[in-house]
Number of protein chains: 2
Amino acid sequence: MTQKLKDEAILAPANGVTLIDVAKVAGVSPITVSRALHKPEVVSEQTRQKVQQAVEQVGYIPNMLAGGLASRQTKLVAILVPTISHSIFADLLKAAMDGLSEAGYQSLLGITDYSVDKEEQLLGTILGRRPDAIVLTGTEHTTLTRKRLGASGVPVVEAWDWTDDPIDMLVGFSHEAVGTAMAQHLYEKGYRRFAGLFVSDNRAMRRCHAFYEALSVLGIEADDAVVMSPPASLKEGREGMRELLARDTRPEVVVCSSDTLAQGVLAEAAEQGLQVPSDIAVMGFGDMANASQLHPALSTVRLDSARVGALIADALLKRFEDQRSCVRLDMGFELIDRQST
Amino acid sequence: MTQKLKDEAILAPANGVTLIDVAKVAGVSPITVSRALHKPEVVSEQTRQKVQQAVEQVGYIPNMLAGGLASRQTKLVAILVPTISHSIFADLLKAAMDGLSEAGYQSLLGITDYSVDKEEQLLGTILGRRPDAIVLTGTEHTTLTRKRLGASGVPVVEAWDWTDDPIDMLVGFSHEAVGTAMAQHLYEKGYRRFAGLFVSDNRAMRRCHAFYEALSVLGIEADDAVVMSPPASLKEGREGMRELLARDTRPEVVVCSSDTLAQGVLAEAAEQGLQVPSDIAVMGFGDMANASQLHPALSTVRLDSARVGALIADALLKRFEDQRSCVRLDMGFELIDRQST
DNA sequence: CTTCTGGATGATTGCGCAATCATTTGTATG
DNA sequence: CATACAAATGATTGCGCAATCATCCAGAAG
């Protein structure tokens with residue numbers, strides 16, 4: 001077959017052509033075509049090639065609706081994240097999608113806007129697509145969500161958090177441990193006057209509480225954190241910083257619930273002519289790609305969300321291979337000292 | 001029915017329960033259940049309620065594979081973007097998804113990494129899901145992509161760009177016009193020594209060429225732009241800036257292919273003790289949420305990608321209602337002067 | 001009282017494919 | 001040369017649903 005012929009043939013529509021058309025052209029039965037495409041090892045090399053040629057000639061594109069209905073597996077994985085506007089979740093999502101697509105799985109994205117109710121609602125329509133697995137962010141869900149997932153038997157990964165009572169699989173880290181570690185770390189660096197700037201999502205607040213708890217254990221009293229509502233953008237960071245600076249005593253270090261917030265703090269400090277870290281130090285959370293490139297480079301907590309995404313994909317692929325596999329992985333985290341503390 | 005009963009009932013698995021089960025419980029035929037759910041107006045209020053109750057009692061979740069196969073519409077829209085790590089595309093995607101989900105459509109995300117070949121490959125598997133429409137970023141595609149789309153008859157929106165020869169629908173703006181406008185604008189502000197810092201993706205390069213073309217029309221000779229390979233992050237911005245500053249003559253203004261790159265330029269300028277804009281001015285592209293919050297606030301080109309996303313959704317919904325509808329919309333853009341120029 | 005109309009419901013069929021079981025063919029073994 | 005056995009292929013069936021056409025019934029019109 002010439003290249004030209006192939007090019008013209010392959011363009012056939014996704015609508016008309018079915019397995020049967022391919023079978024006719026190849027001179028075999030429809031089921032043999034199906035096998036040639038999905039289980040080439042059980043078909044003779046000769047017929048496999050005939051089928052392959054026929055597929056290209058008629059421009060066949062398998063109908064995965066029909067395939068999924070018949071085989072009860074959709075090669076679809078639903079991934080629910082609170083937002084895609086934070087590089088943390090964008091990176092996680094990208095890595096998970098890449099890992100899954102290598103194994104032939106497509107991803108169905110859901111954005112929960114940090115709301116467990118929206119998560120529940122998304123889940124309702126998503127389950128209608130009969131995904132082979134579902135990835136959730138966090139371990140906080142509505143009871144209905146938990147029940148539906150438990151009853152549906154779909155493999156689940158809860159990501160980006162840690163709990164002793166997971167629905168199924170788990171890839172993440174303890175936000176309480178992060179809060180505690182940040183407090184101890186900054187204390188050991190000699191800071192004594194602390195301020196917190198957090199966004200009021202579930203996980204950030206848990207880091208916040210652990211942070212203040214640890215401070216109190218260290219014998220330090222600190223003013224309450226400034227708490228903003230999501231999303232966490234530079235704007236919130238600047239506003240929060242202004243609020244902190246308006247207080248009676250200026251803190252030595254500002255601990256933020258995300259790098260983005262911290263970046264806003266840096267911008268506000270620059271605007272007000274404050275030197276970082278000599279006048280005021282700043283610590284973020286997330287180690288997004290920008291963090292090391294800011295001026296001054298941002299001290300933060302490194303999570304490697306791309307790795308979390310990749311490990312989510314791994315966990316799922318393992319489960320697909322072996323029903324009994326159940327990955328539960330505490331990724332940990334790493335404190336990164338740069339110029340801002 | 002008590003709340004408790006409902007809660008317990010609704011949790012039934014997504015696997016076992018079918019329309020037929022609902023029909024039995026409701027005491028009607030399966031097809032009546034289908035109608036009660038999809039076309040409530042043709043069913044009497046009484047049976048509609050009976051069905052609704054039965055659905056909740058048995059925890060029925062419609063199988064959209066079966067529904068899609070039978071009705072030939074999947075309520076799925078595929079959206080292909082080059083990356084989700086730029087807020088421009090993240091916002092566009094989010095807005096499009098929101099607009100579509102309100103009308104009951106789910107989105108299938110594909111990330112092309114700025115590669116038309118990857119786009120082609122993604123399209124292959126995506127067409128297997130028989131989406132009701134496809135959204136592509138840009139107007140540059142492989143010939144096979146064009147042919148497949150043309151032949152498949154699926155509604156297509158090309159977004160974020162402009163062309164006289166669209167595949168189908170079009171929502172975007174002219175990148176050439178942006179390049180030209182930036183050159184004229186900066187010229188009018190009095191700048192004469194220009195430098196360009198661009199990333200080598202198709203659309204950025206077209207803005208770049210138009211920019212230099214316009215400069216040359218204005219009688220200005222400028223050194224070649226520094227061209228980095230994607231992705232465009234702060235790091236590339238800083239590196240590019242260092243390269244520019246190493247040249248014989250320092251430019252008065254640096255024009256960047258994205259706000260992120262520009263942000264890197266600002267960071268490098270700060271690091272090197274250069275005042276912006278007095279020592280060197282900077283202009284970005286995109287007006288991401290951060291741009292106005294940086295220090296100094298970034299002059300840029302405003303695109304409102306969320307609006308593009310919303311209009312994409314509108315264009316598709318219109319098409320779904322009326323086969324003949326074919327939106328082609330030039331969104332234009334807006335130059336924004338802030339502190340950095 | 002008959003005929004007509006239209007609203008409400010049901011029966012049948014097929015969407016495109018893979019699982020399952022059945023059959024054919026080719027090859028090795030005694 | 002008969003038997004066994006595996007590899008390769010085919011026929012049938014059902015996945016869960018909506019489109020299509022058919023039926024039923026109540027009330028209006030004549």
Side-chain angles (χ1 to χ4, degrees), chain A residues 12-51 54-55 58-76 104 125 127-132 152, chain B residues 12-51 54-55 58-76 104 125 127-132 152:
Chain A
N15 29 20
V17 186
T18 76
L19 254 194
I20 298 184
D21 301 317
V22 178
K24 280 180 193 153
V25 172
V28 296
S29 74
I31 187 63
T32 298
V33 174
S34 172
R35 279 196 280 249
L37 295 176
H38 300 300
K39 303 179 197 166
E41 68 279 6
V42 308
V43 163
S44 76
E45 180 57 21
Q46 192 193 1
T47 54
R48 205 194 57 67
Q49 285 186 7
K50 268 194 308 186
V51 168
V55 163
V58 301
Y60 173 64
I61 296 183
N63 184 327
M64 302 187 76
L65 299 177
L69 188 60
S71 70
R72 296 162 166 291
Q73 66 152 332
T74 50
K75 293 273 179 180
L76 249 194
T125 59
L127 283 176
R129 307 270 175 202
R130 301 296 187 267
D132 290 340
S152 74
Chain B
N15 29 21
V17 185
T18 76
L19 253 196
I20 299 185
D21 301 315
V22 178
K24 280 180 193 155
V25 171
V28 297
S29 74
I31 188 63
T32 299
V33 174
S34 172
R35 280 196 280 248
L37 295 176
H38 300 302
K39 303 180 197 164
E41 68 279 6
V42 308
V43 163
S44 76
E45 179 57 19
Q46 191 193 0
T47 55
R48 205 194 57 66
Q49 287 186 5
K50 269 194 307 186
V51 168
V55 163
V58 301
Y60 173 64
I61 296 184
N63 185 327
M64 302 189 75
L65 299 177
L69 187 60
S71 70
R72 297 162 167 291
Q73 68 152 332
T74 51
K75 292 276 182 177
L76 248 194
T125 58
L127 283 176
R129 308 266 175 204
R130 301 296 188 266
D132 290 340
S152 75

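Numbers restart at 1 for each chain; the letters A, B, ... are given by sequence-line order, proteins then strands. Just so it is clear, the values below take in all heavy atoms, side chains as well, and ignore hydrogens, waters and symmetry mates.
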Greater than 12 external heavy atoms within 6.0 Å of B:Gln46's CD: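 Counting other residues, nucleotides and ligands, CD of B:Gln46 stays at 12 neighbours or fewer.
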Quick one: is [X] getting a side-chain N or O under 4.0 Å of the [N] phosphate, OP1 or OP2?
X       : N      : value
A:Thr32 : D:dT9  : no
B:Ser44 : C:dG7  : no
A:Thr47 : D:dT9  : yes
B:Lys39 : D:dA19 : yes
A:Arg72 : D:dG16 : yes
A:Ser34 : C:dC17 : no
A:Ser29 : D:dG10 : yes

Looking at the side chain of [X], which of [options] is the nearest nucleotide?
X       : options                : value
B:Ala70 : D:dT20, C:dG14, D:dT9  : C:dG14
B:Val43 : C:dT9, D:dA18, D:dC17  : C:dT9
A:Ile31 : C:dT20, C:dA11, D:dG16 : C:dT20

For a quick test of reading the model, state the closest non-hydrogen atom pair linking [X] to [Y] and the distance between them.
X        : Y       : answer
A:Val25  : A:Ala54 : CG1-CB, 3.7 Å
A:Pro131 : A:Thr74 : CA-OG1, 3.6 Å
A:Ala66  : B:Leu69 : CB-CD1, 3.8 Å

[N] [atom2] sits how many Å from [X] [atom1], rounded?
X        : N      : atom1 : atom2 : result
B:Gln46  : C:dG7  : CD    : P     : 18 Å
B:Leu69  : D:dC15 : CG    : P     : 14 Å
B:Met64  : D:dC17 : CE    : P     : 11 Å
A:Ile20  : D:dG10 : CD1   : C1'   : 14 Å
B:His38  : D:dC17 : NE2   : P     : 8 Å
B:Arg129 : C:dC17 : CZ    : P     : 14 Å
A:Arg130 : D:dG16 : CZ    : P     : 8 Å
B:Asp21  : D:dG16 : CG    : P     : 9 Å

A:Arg130 side-chain N/O to A:Leu127 backbone N/O, donor-acceptor pair under 3.5 Å: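 Yes; at least one donor-acceptor contact below 3.5 Å.
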Five-pair end axes of the helix from C:dC1-D:dG30 to C:dG30-D:dC1 and the angle they enclose, rounded to 10°: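 Answer for the end axes of this duplex: 40°.
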Validation row: A:Met64, A:Leu76 side chains within 4.5 angstrom (heavy atoms):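 A side-chain contact is absent here, since even the closest heavy-atom pair is not under 4.5 Å.
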Residue pair B:Ile61 / B:Val17, side-chain heavy-atom distance below 4.5 Å: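 Heavy-atom side-chain distance check fails, nothing below 4.5 Å.
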Contact nearer the 5' end of DNA chain C, comparing B:Pro30 with B:Ala66: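 The residue whose closest nucleotide sits nearer the 5' end is B:Pro30.
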Full working for side chain to side chain contact (heavy atoms under 4.5 Å, CB included) between B:Ile31 and B:Arg35: CA-CA 6 Å; B:Ile31 188 63; B:Arg35 280 196 280 248; 3.8 Å; yes
